[in-house]
Amino acid sequence: MEIVLSGIRPTGNLHLGNYYGAVTSFLKLQEEYNCYFFIADWHSLTTHPTPENIQNSARTILAEYLACGLDPEKATIYIQSDVPETIELYLYLNMSAYLGELERVTSFKEKARKQPDNVNAGLLTYPTLMAADILIHRAHKVPVGKDQEQNMEMARKFSRRFNQMYNTDLFPEPQSFSMSSEGGIKIPGLDGSGKMGKSEGNCIYLCDEPSVIRKKVMKAVTDAGPQTPNSPKPEVIANLFTLMRVVSSNDTVEYFEGKWNDCTLRYGDMKKQLAEDIITATNPIRERLVEYNSQPDLLDRVARIGAEKARESASATLSLVRKTIGFRNY
Ligand code: TRP
């Protein structure tokens with residue numbers, strides 16, 4: 001069976017955009033492939049977080065993914081730093097990763113500009129660590145967003161280079177595939193802007209209480225001018241309908257479409273309905289989240305089981321790599 005792998009940056013809480021985008025496609029993938037999903041806590045060291053910071057953000061995101069339905073019985077779910085085999089492969093890959101090509105990576109240049117006092121070697125070799133994450137399980141497919149395409153090209157390059165250098169076919173060339181083709185949906189923001197995103201500040205989080213969700217939805221931008229019969233919807237209104245199509249029943253959507261078409265739509269009514277349907281759709285996740293967060297032992301157990309499975313696969317790859325390079329296995 002083909003191996004699918006993806007890394008999750010532990011940056012804050014999941015919002016509706018994450019859920020109906022990446023998470024939904026992960027849920028589908030775990031049914032169809034041999035999946036590895038991990039929390040990329042080593043990668044986060046490039047910005048020097050505190051120890052508490054590291055601990056908490058890994059746990060938060062693990063609990064949220066489990067609450068969404070990522071299933072440790074179906075997929076291997078682990079924390080990157082629990083699988084030290086990755087770093088040994090990172091070292092080998094770094095020996096044939098060249099300064100020039102690493103310096104040319106756009107996200108390196110951007111981060112170097114953003115944190116000029118902390119242009120560390122980890123930042124430079126971020127693509128090698130990411131390649132090691134992927135190659136340590138000899139993954140075939142990696143669901144990623146567009147922003148990761150350059151890192152994926154580097155991973156393919158490092159994979160080919162290793163194979164050529166040692167005249168082997170040990171590593172498959174990992175293919176990126178788009179989450180939208182795997183059931184992911186792009187969720188618009190509530191401020192009329194294109195996309196729901198943490199940096200945009202227009203998010204509904206899965207951990208938001210119903211009262212908070214109601215408040216956020218009621219504040220959504222709808223100032224769209226007068227309606228005319230059967231006219232195309234302005235973007236802010238189209239966005240509300242997009243969200244509604246995701247969380248509400250067909251009947252509800254049709255009802256409000258009708259209202260729009262005969263110019264009797266009251267945005268307040270639509271938003272009230274939308275808020276309730278978002279709350280209903282996300283309630284089970286919220287309930288499971290409370291449960292996971294009240295059982296730190298359970299989270300630990302899941303992480304331990306994931307790490308064991310991941311290390312089994314990783315050490316099998318690593319022992320082949322060591323033999324190929326000329327090291328003996330201990
Ligand atoms: N770089 C990815 C991101 O920023 C996270 C990541 C780390 C990753 N290692 C990976 C993704 C391996 C896919 C495969 O989102």
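Ligands are counted one by one from 1 in listed order, and the atoms in each one are counted from 1 as well.
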### Message
Would Ser6 count as a polar contact of ligand 1, with the cut-off being nitrogen or oxygen pairs under 3.5 Å?
### Response
no
### Query
Among side-chain atoms of Thr106 and Gln150, is any donor-acceptor pair under 3.5 angstrom?
yes
### Query
Between Asp262 and Thr264, is any side-chain donor less than 3.5 angstrom from a side-chain acceptor?
yes
### Task
Give the residue, atom name and distance (to 0.1 Å) of the protein heavy atom nearest atom 10 (C) of ligand 1.
Met130 CG, 3.5 Å
### Query
Counting each atom of ligand 1 from 1 as listed, which ones have a heavy atom of Val142 under 4.0 Å away?
13 (C), 14 (C)
### Message
Using a 4.0 Å cutoff against the non-hydrogen atoms of Phe38, which atoms of ligand 1 qualify?
### Response
9 (N), 10 (C), 12 (C)
### Query
Can you list the atoms of ligand 1 that are under 4.0 Å from a heavy atom of Ile134?
12 (C), 14 (C)
### Message
Quiz question: by atom type and distance under 3.5 Å, do the side chains of Ser6 and Tyr36 form a donor-acceptor pair?
### Response
no
### Summary
One finds that the ligand 1 atoms under 4.0 Å from a non-hydrogen atom of Leu5 are 12 (C), 14 (C)
### Query
In terms of residue, atom name and distance, what is the protein heavy atom nearest to atom 2 (C) of ligand 1?
Gln148 OE1, 3.3 Å
### Task
Tell me which one of Tyr126, Tyr36, Trp42 gets a heavy atom nearest to atom 1 (N) of ligand 1.
Tyr126
### Task
Please could you name the atoms of ligand 1 that His43 approaches to less than 4.0 Å, counting only its heavy atoms?
7 (C), 9 (N)
### Task
Determine, using ring centers only, whether Tyr78 and His137 are less than 6.0 Å apart.
yes
### Query
Taking the six-membered ring of Tyr33, is the NZ or CZ of Lys141 close enough (under 6.0 Å from the centre) and on axis enough (within 45°)?
no
### Query
When the aromatic ring centroids of Phe162 and Phe158 are compared, is their separation below 6.0 Å?
no
### Query
What residue and atom, counting heavy atoms only, is the protein's closest point to atom 9 (N) of ligand 1, and at what distance?
Asp133 OD2, 2.8 Å
### Task
Using only heavy-atom distances, determine whether the side chains of His43 and Asp133 contain a donor-acceptor pair under 3.5 Å.
yes
### Message
Looking only at the aromatic ring of each residue, does the gap between the centers of Tyr126 and Phe108 stay below 6.0 angstrom?
### Response
no
### Query
Can you tell me which residue and heavy atom of the protein come closest to atom 11 (C) of ligand 1, and the distance to 0.1 Å?
Gly7 N, 3.3 Å
### Query
So which bit of Ile8 gets within less than 4.0 Å of ligand 1, heavy atoms only: side chain, backbone, both or neither?
neither
### Query
So, Thr282 versus Arg286: side-chain donor-acceptor pair below 3.5 Å or not?
yes
### Distance from atom 4 (O) of ligand 1 to nearest protein heavy atom, with residue and atom
Arg9 NE, 2.7 Å
